[in-house]
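Take a look at the structure set out below.
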Amino acid sequence: MPQPATAIEIVEVRKSFGGVVAVDGVSLAVRNNEFLALLGASGCGKTTLLRLMAGLEAVDAGRIIIAGADMTATPPFLRPVNLMFQSYALFPHMSVAENVAFGLKQDGMAGAELAARVTDALELVEMASLAKRRPDQLSGGQKQRVALARCIAKRPKVLLLDEPMAALDRALRERTRLELRNLRERLGIAFVVVTHDQEDAMTMADRVAVMDKGRVVQVAPPRELYDAPCSKLVASFFGESNVWEACVSTEGQRVDCAALGLSVAVAASLPAAGSSVAISVRPERIEFSNVGDNAVAGVVEDVVYLGTVSTYLVRAAHGALIRITRQNGTHPSSVRGDRVHLSWPASAVVVLTA
Amino acid sequence: MSRFPLFAMAVLGLGLVFLYVPTLLVIATSFNESRLAGVWTGFSLRWYGELLNDRQFLNATANSLIVAGLSATAATALGTCAGLVLARHGRFRGRVLFLGLLATPLVLPEVIIGLSMLLVFVAAEQTLGWPAGRGIGTIVVAHATLAMTYIAYIVQARLTGLSRECEEAASDLGASPLRVLTAITLPMIAPAMGAGWLLAFVLSLDDLVIASFTSGPQSTTLPMVIFSAVRLGVSPKINALASVLVVMSAVCLGLAAWLQARRGGKVLPE
């Protein structure tokens, strides 16, 4: 039988709770062996979408296809996907090993095979030595590992993770991100991770789906989302950015920006003259210089020192506040109150039409 | 400065004395050697010895324990079902009516419950031929009906406090709804069920009114024996009998409280 190319496919799925729309017509396909992040602010419907994939909520409309089979109406216990809960949801009356064994026992596995699979899963998350502990004797990080082992022991087609890092401290977060990536490579299954943290999404995911108000706004690899966001929301949610309103000029390849008091040169293709758009320029693409495609003068209002880089907030003559990030030590540093010139190339300007 | 002002302590003390001294007096006098309640002549287990030779007392104790055990078990089974439905099955049609009906035995006077039970049993005997006369069986049914209300509320409260995520996780891991119930939900609410069983046991053990209405000639329970004996005058033997009942109830309630407190703090969501 040929392996279908998508691990899980969602077609025009809708879900509302008592009149409040949580997921509003989402279509999304997760490829085999892909790491997809669902990124969005809280309340954007990303967790609901994950629960719909697991079958813990029923869709109002649309279809869910898992490994080539339509599973829209399949109950959760018959779907080949496993969900790791944000709270981990370990069974308090079972030991670590019993928690991991639970899912396998439901498939009728027993004896040596069961023991071997449980040990495998626990070794994968380095928890084999604590197999006899109860969940209330574990730290937050250890609980997370057990919850992960419990999901992967079943060898699902898709692993769903709901805010897996939310309860971890910063050092543990960074380690876990790398471990999740390695795990995905070793297991060769698709991962779908829900997160509100753009750093999680950027460091782990092959592709990121940005969600807002129950809709998927853009799906793209992290680099593409960063360099070519499709909307103001994506530009501001995914990394820092300077976003200004502008109007397409009658001169070619230029937009008029009132806040900057400048006709901005743009490299990207533009809509018809007179249409209103927004432009986005990443802080690290702006230089302290008066030579360039686009140049403005301003006064440094604030300097934030961040070690390797500093962030400067510059008030332009026409009122716009411009954020610039520069590596420390590469140029004479400016201080608050300095008059400076800023410039950026036409290629740094991203035109947002939505 | 004292954390407990004198006045508050005095009020508390008075309240406790009023509540517990009568009971303690009964227990104390049950060890009195004298036949007269007011005169202390020495410590003795004489009256307890007499109880052990009293066939009526032994029968009544056996009846009470059988009734309490059976009715508590039936009430736990039924009450757990009701609690599960209330806590886990959302807003089904008639939920409010169900809640109201479930609460009714809590507010109805016991005399009314006893009387209505008696009428039902008599009518059922005439039309269905069951129960053939009244006895242990009818008391068990009556007590279970009353006690299941308490258990339904205890189980519902416990389930409402428990996050559904463990049950969802079990379902996600491949457990059918029946397996989720037996492997996850019931073990997690077992302490509440145990506490409910003990409470139902005590309710049955201590009940006089409903038992009087629904019992037959061969099914006298302990409270009924005490009540009828007291009408002939208080004898020290009755004090011993009452003390036995108090101690049994206290042990059950203590166990129930321990069961509920033991895991309550840990299972609640953080």
Side-chain angles (χ1 to χ4, degrees), chain A residues 17-18 47 50-57 74-94 98-109 121 134-138 140 143 146-156 158-162 166-167, chain B residues 76 80 83-84 87-93 95-96 154-197 258-270:
Chain A
F17 295 102
T47 294
L50 203 70
R51 290 173 60 86
L52 287 167
M53 292 184 198
L56 297 171
E57 308 285 350
T74 308
F77 57 94
L78 297 177
R79 294 192 188 196
V81 301
N82 284 117
L83 170 63
M84 191 180 110
F85 288 79
Q86 186 176 354
S87 68
Y88 310 140
L90 298 178
F91 307 134
H93 57 290
M94 295 182 193
E98 285 165 345
N99 263 281
V100 176
F102 183 85
L104 298 170
K105 281 186 191 160
Q106 306 312 313
D107 299 341
M109 198 182 284
R134 298 247 159 196
D136 57 7
Q137 298 168 312
L138 300 176
K143 281 184 194 168
V146 176
L148 194 58
R150 192 173 71 176
C151 287
I152 60 181
K154 292 265 291 184
R155 297 186 188 154
V158 186
L159 183 60
L160 309 170
L161 303 112
D162 188 8
Chain B
T76 304
T80 302
L84 276 170
R88 285 294 187 258
H89 287 256
R91 316 218 136 267
F92 56 90
R93 257 174 90 98
R95 186 174 190 274
V96 175
I154 292 174
V155 168
Q156 186 204 3
R158 178 59 163 232
L159 278 171
T160 309
L162 277 177
S163 150
R164 288 182 97 136
E165 285 191 343
C166 278
E167 287 152 278
E168 288 179 341
S171 174
D172 181 66
L173 289 166
S176 65
L178 186 67
R179 283 285 297 158
V180 174
L181 179 71
T182 55
I184 306 297
T185 313
L186 289 182
M188 287 202 303
I189 61 168
M193 287 166 68
W197 189 91
W258 176 74
L259 265 180
Q260 285 221 293
R262 196 167 56 120
R263 286 185 106 178
K266 285 179 194 161
V267 189
L268 287 178
E270 286 163 34

Quick check for you: to the nearest 0.5 Å, what is the distance between A:Gln106 atom CD and A:Leu104 atom CG?
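Interatomic distance, A:Gln106 CD to A:Leu104 CG, rounded to 0.5 Å: 9.5 Å.
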[X], part contacting chain B, at a heavy-atom distance under 4.5 Å:
X: A:Leu160; answer: neither
X: A:Arg51; answer: side chain
X: A:Leu78; answer: neither

Please enumerate all residues that pass salt bridge (charged side-chain N to carboxylate O under 4.0 Å, His left out) together with B:Arg88, with sequence neighbours excluded.
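B:Glu167.
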What residue in A:Ser87, A:Pro135, A:Ala147, A:Ala153 has the most heavy-atom pairs under 4.5 Å with chain B?
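The answer is A:Ser87.
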Among A:Arg79, A:Arg150, A:Lys105, A:Met84, who wins on heavy-atom pairs under 4.5 Å with chain B?
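Top option by heavy-atom pairs under 4.5 Å: A:Arg150.
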Sort B:Ala170 into side chain, backbone, both or neither according to what part of it lies under 4.5 angstrom from a heavy atom of chain A.
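Both backbone and side chain.
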Does any N or O in the side chain of A:Lys143 come within less than 3.5 Å of the main-chain N or O of A:Leu90, such that one atom is a donor and the other an acceptor?
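No; zero donor-acceptor contacts below 3.5 Å.
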Looking only at heavy atoms, which two atoms of B:Thr160 and B:Ala87 are closest? And how far apart?
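Closest heavy-atom pair between B:Thr160 and B:Ala87: OG1-CB, 4.2 Å.
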For A:Phe102, enumerate each residue passing the ring-ring contact (aromatic ring centres under 6.0 Å, His included) test, keeping only those at least two apart in sequence or located in another chain.
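In terms of ring-ring contact (aromatic ring centres under 6.0 Å, His included), with neighbours along the sequence ignored, A:Phe102 is linked to A:Phe91.
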